[in-house]
Amino acid sequence: MNPQLKKGVLELCVLCALQNSDRYGFELVSVVSSHIAMSGGTIYPLLKRLYSEGLVSTYLVESQEGPARKYYALTPKGEDYTKTLIEQWRELVSGVESIINEGGRTDETI
């Protein structure tokens, strides 16, 4: 898959993965990479940016399997932003699908 295209939708994928439950970093990597080929190194800078923008919050949970895990949760601002991104994504996909299906034709060229 084109890396630029993937990078553009990764934010939406991460935010959507957080909609129903809080997740720790590696869990987010696993969820997203099960649908889109990507490396873990891609997610962590994105999570840092989402945190600095106030879209996600973090908290630590002790783990019996090693060090404490940092969990990420959507903030109310993040929830609103995610809803907006989903609406924009659906509009974009619809428009692109129309162009693909019509072969770029308009009423003037038909």
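Please read these numbers as outputs of a predicted model, since none were measured by experiment.
In terms of hydrophobic clustering, with Ile, Leu, Val, Met, Phe, Trp and Tyr side chains grouped at heavy-atom distances under 4.5 Å, Leu18 and Leu60 are assigned to different clusters. Under the 4.5 Å side-chain heavy-atom criterion for Ile, Leu, Val, Met, Phe, Trp and Tyr, Val31 and Val9 are members of distinct hydrophobic clusters. Residues Tyr51 and Tyr44 fall within the same hydrophobic cluster, defined by Ile, Leu, Val, Met, Phe, Trp and Tyr side chains chained together at heavy-atom separations under 4.5 Å.
Rounding to the nearest 0.5 Å places NZ of Lys83 at 10.0 Å from CG of Leu74. Between atom CD of residue Glu11 and atom OG1 of residue Thr82 there is a gap of 8.5 Å, rounded to the nearest 0.5 Å.
Residues that satisfy the salt bridge (charged side-chain N to carboxylate O under 4.0 Å, His left out) test with Glu65, not counting sequence neighbours, are Arg69.
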**Request:** Using the salt bridge (charged side-chain N to carboxylate O under 4.0 Å, His left out) rule, take Lys77 and Glu53 through it: C-alpha gap first, then chi angles, then the decisive distance, then the call.
**Result:** CA-CA 9 Å; Lys77 180 180 175 182; Glu53 292 175 1; over 6 Å; no
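Of the possible donor and acceptor atoms, one in the side chain of Arg23 sits under 3.5 Å from a partner among the backbone N and O of Ala17. Using a distance-only test at 3.5 Å, with no hydrogens or angles considered, no donor-acceptor pair links the side chain of Thr42 to the main chain of Met38. Using modelled atom types, one side-chain atom of Ser98 and one backbone atom of Ser94 make a donor-acceptor pair closer than 3.5 Å. Distance alone, capped at 3.5 Å, is enough to place a donor-acceptor pair between the Thr75 side chain and the Gly78 backbone.
Among Glu91, Arg90, Glu97, the one residue that satisfies the side-chain contact (heavy atoms from CB on, under 4.5 Å) test with Val93 is Glu97.
Looking at Tyr72 and Glu27, their side chains never bring a donor and an acceptor atom within 3.5 Å of each other.
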